[in-house]
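Presented below is the structure to which this report refers.
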Amino acid sequence: MRGIVKEFPGVRALDGVDLDVRAGEVHCLLGQNGAGKSTLIKVLAGAHQPDAGQISWDGAPVTLGDPQAAMSLGIATIYQELDLVAGLTVADNVFLGRERSRFGLSRPAHANRAAAELLARLGHPEIRPTAEVGQLSAASQQMVSMARALSQDARLIVMDEPSAVLDGEEVEHLFQVIRDLTAEGVAVVYISHRLEEIRSVGDRITVLKDGRTVATGLPARETGTREVITLMTGRTIEYVFPPRRPLADPGAAPLLEVADLSLAGRFAGVSFAVRPGEVLGLAGLVGSGRSEILETVFGARKATTGTVTVAGKRLRHGDVAAAVAAGVGLAPEERKSQGLLLGEPIYRNITVSSLARFARGGFLSAGAERQAAQEQADALDLRPVDVDREVRTLSGGNQQKVVLARWLLRDCQVLLLDEPTRGVDVGARSEIYALIRALADRGVAVVVVSSEIPEVLGLADHVLVVADGAVVASAGAGELDEHRVLDLVMQGAAPAAGQGDAA
Amino acid sequence: TSNSSDDDESSGGGGNNAVSANDDTGDTVTIGFSAPAADHGWMAGITEAARAEADKYEDVELRVAEGTNDVSTQISQVETFINDGVDAIVLLPFDGAALTPVALEAMEAGIPVINVDREFDSPFAARATVLGDNYGMGVSAGTYVCSQLGDKPDAVVAEIAGIDSLPLTQDRSQGFADALADCGLDVDNRVAAEFTVESGEEAASNLLQAAPQIDAIWNHDDDQGVGVLAAIENAGRDEFFMVGGAGSANAMRAIQAGDSVLKATVIYPSTQAADGVRLARLLAQDKSLSDLVEVEIPRQIVLNAPVVTEDNVDQYIDTAFES
Amino acid sequence: MAGPVGRNLGLVVALVLLCIAGVVTAGDRFADIDNVLTILRLASVIGVVSIGMTFVIIGGGIDLSVGALVALSSVWATTLATQQMAEDTHWIVMVFTALVVGSVAGLVNGVVIAYGKLVAFIATLAMLAAARGLAEIIANRRTQIVQDRDFVRFFSGDVLGIPTLVIVFALVSIAGWVLLNRTTFGRRTFAVGGNAEAARLAGIRVQRHTVLLYVLSGFTCGIAAVLLMARTTTGSSTHGTLYELDAIAAVVIGGTLLIGGRGTIVGTVLGVLIFTTLGNVFTLNDLSSSAQAVARGVIIVAAVLLQQRLVTGSATMRTPRSMSATSGGPAGATSGGSAVPGGPAGDGPGGDPTAP
Amino acid sequence: MAGPVGRNLGLVVALVLLCIAGVVTAGDRFADIDNVLTILRLASVIGVVSIGMTFVIIGGGIDLSVGALVALSSVWATTLATQQMAEDTHWIVMVFTALVVGSVAGLVNGVVIAYGKLVAFIATLAMLAAARGLAEIIANRRTQIVQDRDFVRFFSGDVLGIPTLVIVFALVSIAGWVLLNRTTFGRRTFAVGGNAEAARLAGIRVQRHTVLLYVLSGFTCGIAAVLLMARTTTGSSTHGTLYELDAIAAVVIGGTLLIGGRGTIVGTVLGVLIFTTLGNVFTLNDLSSSAQAVARGVIIVAAVLLQQRLVTGSATMRTPRSMSATSGGPAGATSGGSAVPGGPAGDGPGGDPTAP
Ligand SMILES: Nc1ncnc2c1ncn2[C@@H]1O[C@H](COP(=O)(O)OP(=O)(O)OP(=O)(O)O)[C@@H](O)[C@H]1O
Ligand SMILES: Nc1ncnc2c1ncn2[C@@H]1O[C@H](COP(=O)(O)OP(=O)(O)OP(=O)(O)O)[C@@H](O)[C@H]1O
Ligand SMILES: [Mg+2]
Ligand SMILES: [Mg+2]
């Protein structure tokens, strides 16, 4: 790809990008949120038409007018937004657009068998080909996308942040699959914000910044983390967690108290307490039930038993509005479908939970509202700066900041964060870590769920390890290390199998 | 045969009086015409007859508003005519009462209104009124049924009404019930259709199942009657006779042929609006009805609702509307 | 999950209850075979249209023009010229004309929507007005009688006691079922309606597929016109009045989501049967049309509630992301204009329709 | 982005073109102030209903029962009992009755949809049938005449030459605009319609809000009933026939997305005016109603296409996800049943509504 330019109204997403990929290599694409990585690969997949530039395949220039053209060349793409059809089965999704039929009739048995083979190859034989994709966990859906790409017998597979929804073990498995592929001469373009992954699977690196190639062809293993970060951000960032400070008042009454909380069929007997200024981390495998614990605490799911107490006041089960009124905020796992009003401007997304503050007798003061939103946006270094932009046009990291800004504006006492750094680049990631710590220092009680164990360990004061809907360990962050957590997670997972994300 | 040729003949019949000076071309008059949506044959026939009538006069310019079943829209059409300063308005209201205020407004503005078919609720809202006789139609049908079944006190009589929410349907049913009561009969099964062929077929299909044995059916409308007959034929039933309504050419041909259950139909003239147009023209030109001694156009003309049977069908078939 | 019966359990129960009500109130007259055939015959015309509508709605669209297309097809197929041609050759000419007219009008719908990028609601509303107007102009607002006795005899006859109309309906339903569930076309319809962007990225030609869906709907309107011509022995510009609402209601009550991506043919057929049986039971009981209207409203609500309770009740274990459903299901509740909360379809109720 | 005019540029142009057509073909008769007032008076009744409908649709729902609610309110407010009470006290009793009846019926809609979790389409369709049936029963299918002269005089009078009806419409529109754009209620309506799940997680009581939306729609039906009672001096079960389609068409042509989350009051008002003016121009030109129907269909399509071209054309800088629009916009094209592809609203056309 040479000199690719793609303009969106108001944004020049790509401004002359070069990229060359060799057979059999894993080419990593790096860049901050909004650098243009996803846009670039969409151009490569034929989903976007470039405004300028040239794409060559096997040395010959080609035009990719639509996704089909790219596919027929042997380019398979796994998009960042899981682009699956929720209402169709796994097998249907795997072969969508390339269904095999005989006499016009489809052959479900045949497709199911083929899909099962692919999923087994990916290490996920538990995903049934006849299951409906909408019922699967995000991780399983990611596997379906992978299977889709594999089924195309492609010569180039493009993966846009495939590891974002996977936990450590699954990522390892993914890498194994990638190595198998490259061994067969398939080229892979791999996008991720986790630099350590790049090091372990990548061959060469291309770094994008503001729609331009700032470096290409760097050897993955030899290039230092610091150097890469500097290339991406234009500055040096310490990829570290902010220091913990001792609690101002270690004896303070817990702000959030959860006692014996259960949700039938999902998790049971969860108890914990978070004091003001404390960060509680929930570690565990994907599908262990951490998200559901958060959602239940928040009232988004109606608890079967147990109590949730905020600042001494018991919350009604299943009543989000009451939780919000009591000063609880949730940054949900699925940003786009659960967190954001995609079609609305940024400022409205930020103020939606604090409308009462800007209203007198129900009438909004638009000026005050926008200004308050703008302040939050500036404080979080949100890009673009213009809070009138629609949220849907923001890159993932910035969308996450919008959700955080919402609760910051609301002055929450208790903040529940579900995978707060998913899809967020290193720069922004550090900012978010600092932010979380700063909030805690202001006396907020924070609960963080993350699939990245180092993140939980680095960020939290206290860690709960969750496995299969039960808390299997509870310890201060200092008492645990990554291996210990993994052990706990695996032990917990083993006996109670059959309830995981097999679906 | 097209309707206009029928009308030519009919006007030839009624045109005997046209030998008078009334048919001489006078000052050109603009007449506004508004009627409900032509969603069934009779209503379509109404509008068409009005247009055809207007075409016959060089001195008449007929302005036809889009047929509508929304009274609010119809009101605005009349308002438009008033704004336009037409010379007269022929109005077949979707709902007489609802159109009364705007008709009053027109009259106050000095525009004579000829009310057709559905009566206003104020005598001042129209200069002249041409009415079909809905109640009388029911009475005629009922009387005919009585005449055929009078000796069978336990005869089963069924009724297939038109659009049930219209007051005119209620009038017809009332007349029918009253007339039947006179000879000790009553309506055993009643269904309502929507004046369309299809709804007639559907209503009749269900009706025939509801009543395994029937002696007589009165169907309010010959348009839907086509569907009713199709349903009867499909069900293979013929133990009863049927009386139609409105008097379409189709129905009359069937009566003439005598090979179906349809033995009679009650006329509900589809030329009312055409009469209205004539009256409007005369009013606008300050003329009078030539066959009357009276120098003024009468205030109200109620049209007869005769029963057409095999015996007298020849007399009516030429003025019937094609549906 | 769950067979067609399981998934449509509530509808089946509603229909059975309705039949019991029919038997109790009207006894033999209801249970009579002739009466059952009458119900089926009445269901045939609107049923065929509803099958086409099911495809359009699953594909994420809507077709308000079906009634008008039935009228236009029936009128065009019964013009003097067509009937003359039919007389000279064979009545199949009339059938053919109706099908072609319906399909071509559907094609126009599809092209305007897929390539002109008009909202389906507006495009087909415009077609509704235009097609009915055109039908009136062609027919000159007359009811056109079908002269060809063979045509009428063929379609209003029966085979082994089953009316041809009903057989046609059954065939169309089966063909629709196979097309939806057993062919590539069907898979793609779900994909296009469920997530058009994903479908496009998967290489499906979404626009072309959309056009085909509307052609299919137009085609079923053509079939319905033929059936209606046989049933009423006429072609008329008033045929098919308000079919759009009836068909959409049958499809939606059958569990198809108005936002697309999910739906079943079996549900639609049950929906049609429920509505038709309802009318029949009312008539057998000689209910006034006003009382019918009120009862109809109440029964519709009851039937759908029943369907929801039955299916979600028996299926809580199968519906994973039921978060919104259990906690008071607002997503569905308000996107109610489009989503079926609590999912009458029984699969993944409350599943946030916007989630991938 | 862009003021109301900019965003509705296409609609304004369409309306202006229509007016030019009116002036050219009907000259002074069209441009006459009386004629303009006639258009506005006609627009008032359906306009008020459309304002309520705009809220419901932006909130992700739909209300098919509006016409029936207008009928029911008008009938209830003109029963002998009510009129007697009004005579004993003041005609405001009739107004009050109409508003309460409309609101309560809307409440029933809302509760069934939000808490009973019925699809809005089905729930309000059922209400359509039930309310009209009830109106017929109450009125015994007779047209009820308003006896109170003061009532009629008040509403059919004018202030400074502007008819009271039009003033009411203007007030309702302004109130609607303020409510939608300047209050928390309006903001929540967008949120609930745009993403109910996200709205719920942001602490909005989605179900309660949904109920309020339908109550609001019912309330506007009550107002419309009062206007219609004044205009016709009657209450009748046939009032408001097919208002549901007219109102939805006006709302959608005004750029409000059927899937919710986006829409404007100004667009709706323009949509209403376009439809009303169209009918007026037709009447002035003495077109046959069949030809009118055909022309209406064609003009609707033309107007929407114009709106799309103008807004997307002049606004490429403002329309972010033009991806699908440029690349053959399938998302919008097929979810056309719900989305407005090419977005007449001018903002974010073709934004794939289903993508997460
Ligand atoms: N359809 C679109 N319309 C308008 N702007 C867009 C569109 N898609 C992307 N953009 C903009 O283009 C730029 C590049 O976005 P892109 O999604 O390619 O970033 P990215 O590198 O993949 O970021 P992330 O790491 O967050 O996924 C961003 O500024 C984004 O806001
Ligand atoms: N409503 C539901 N019905 C059935 N199963 C569900 C439901 N919601 C979630 N699950 C399943 O329950 C398990 C726990 O899900 P949860 O999202 O809480 O896990 P998690 O630990 O947060 O993992 P992740 O990182 O994927 O979010 C998953 O397997 C998920 O598929
Ligand atoms: Mg990206
Ligand atoms: Mg989670």
Side-chain angles (χ1 to χ4, degrees), chain A residues 8-11 42 46-49 65-67 81-83 85-86 295 298-300 319-325 328-332 334-345 348-349 351-356 358-359 361-366 369 388-390 392-393 403 406 410, chain D residues 1-2 58 178-188 190-209 257 259-263 312 315-328 330-331 339 343 345 347-356:
Chain A
F8 291 115
V11 194
K42 280 189 181 164
H48 281 329
Q49 299 311 307
D66 55 28
E81 272 107 50
L82 305 164
D83 270 311
V85 182
E295 285 164 358
F298 191 53
D319 187 346
V320 173
V324 171
V328 185
L330 168 75
E334 312 253 343
R335 264 197 300 273
K336 292 195 172 180
S337 64
Q338 300 182 309
L340 294 167
L341 308 166
L342 288 173
E344 304 250 332
R348 293 191 177 189
N349 272 280
T351 58
V352 65
S353 296
S354 325
L355 284 178
F358 309 103
F363 290 91
L364 286 169
S365 153
E369 185 190 354
D388 279 322
R389 281 277 294 271
E390 264 182 64
R392 77 166 77 241
T393 64
V403 177
R406 174 187 303 165
R410 172 128 199 132
Chain D
M1 16 180 146
I58 291 179
V178 171
L179 188 62
L180 188 64
N181 297 298
R182 290 280 174 272
T183 69
T184 50
F185 181 86
R187 198 54 72 67
R188 296 197 173 119
F190 281 111
V192 166
N195 186 343
E197 178 64 2
R200 188 174 76 98
L201 293 182
I204 296 174
R205 295 191 193 279
V206 174
Q207 288 171 298
R208 197 167 66 186
H209 194 86
L257 294 194
I259 44 158
R262 194 161 279 176
T312 49
T316 28
M317 293 314 292
R318 272 182 283 115
T319 56
R321 291 244 156 199
S322 60
M323 180 170 99
S324 40
T326 53
S327 62
D347 20 27
D352 178 3
T354 57

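For the numbers below, each heavy atom of this structure counts, side chains included, while hydrogens, waters and symmetry mates do not.
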Any Lys/Arg nitrogen of Glu197(D) or Lys336(A) sitting under 4.0 Å from an Asp/Glu carboxylate oxygen of the other?
->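 Looking at Lys336(A) together with Glu197(D), the answer is no, because their closest N to O distance does not fall below 4.0 Å.
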
Most chain D-contacting option - heavy-atom pairs closer than 4.5 Å, from Glu369(A), Arg348(A), Arg335(A) |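 Max contact count across the listed options: Arg348(A).
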
For Leu340(A), is it the side chain, the backbone, both, or neither that has a heavy atom closer than 4.5 Å to a heavy atom of chain D?
->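 For Leu340(A), backbone heavy atoms alone lie under 4.5 Å from chain D.
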
Side chain / backbone / both / neither for Thr351(A) at chain D, heavy atoms under 4.5 Å |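 Interface part for Thr351(A): side chain.
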
Mind checking ring pair (Phe, Tyr, Trp, His ring centres under 6.0 Å) for Phe185(D) and listing every partner two or more places apart, or none if nothing turns up?
->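 In terms of ring pair (Phe, Tyr, Trp, His ring centres under 6.0 Å), with neighbours along the sequence ignored, Phe185(D) is linked to His209(D).
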
Any donor and acceptor pair, going by atom type alone, linking the side chain of [X] with main-chain N or O of [Y] inside 3.5 Å?
| X | Y | result |
| --- | --- | --- |
| Asn195(D) | Leu342(A) | no |
| Thr183(D) | Phe363(A) | no |
| Arg200(D) | Val320(A) | no |

Stepwise side-chain contact (heavy atoms from CB on, under 4.5 Å) test for Arg187(D) and Val352(A) | CA-CA 8 Å; Arg187(D) 198 54 72 67; Val352(A) 65; 5.7 Å; no

Say you draw a straight line from CG of Leu364(A) to CG of Asn181(D); how long is it, rounded to the nearest 0.5 Å?
->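 Here the rounded value is 10.0 Å.
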
Can you tell me how far the CD atom of Glu334(A) sits from the CG atom of Leu201(D), to the nearest 0.5 Å?
->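 Answer for the CD-CG pair, Glu334(A) versus Leu201(D), is 11.0 Å.
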
Locate the shortest heavy-atom distance separating [X] from [Y]; write the atom from each residue and the value.
| X | Y | answer |
| --- | --- | --- |
| Thr184(D) | Ala359(A) | CG2-CB, 3.5 Å |
| Arg406(A) | Ala202(D) | NH1-CB, 3.8 Å |
| Ala198(D) | Gly339(A) | CB-C, 3.8 Å |

Relative to chain A, which of Ala199(D), Gly186(D), Ala191(D) shows the most heavy atom pairs under 4.5 Å?
->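 The option with the most such pairs is Ala191(D).
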
Would you please name every residue forming a side-chain hydrogen bond (donor to acceptor under 3.5 Å, both in side chains) with Asp319(A), sequence neighbours left out?
->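 With sequence neighbours excluded, Asp319(A) shows a side-chain hydrogen bond (donor to acceptor under 3.5 Å, both in side chains) to Arg316(A), Arg205(D), given in chain and number order.
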
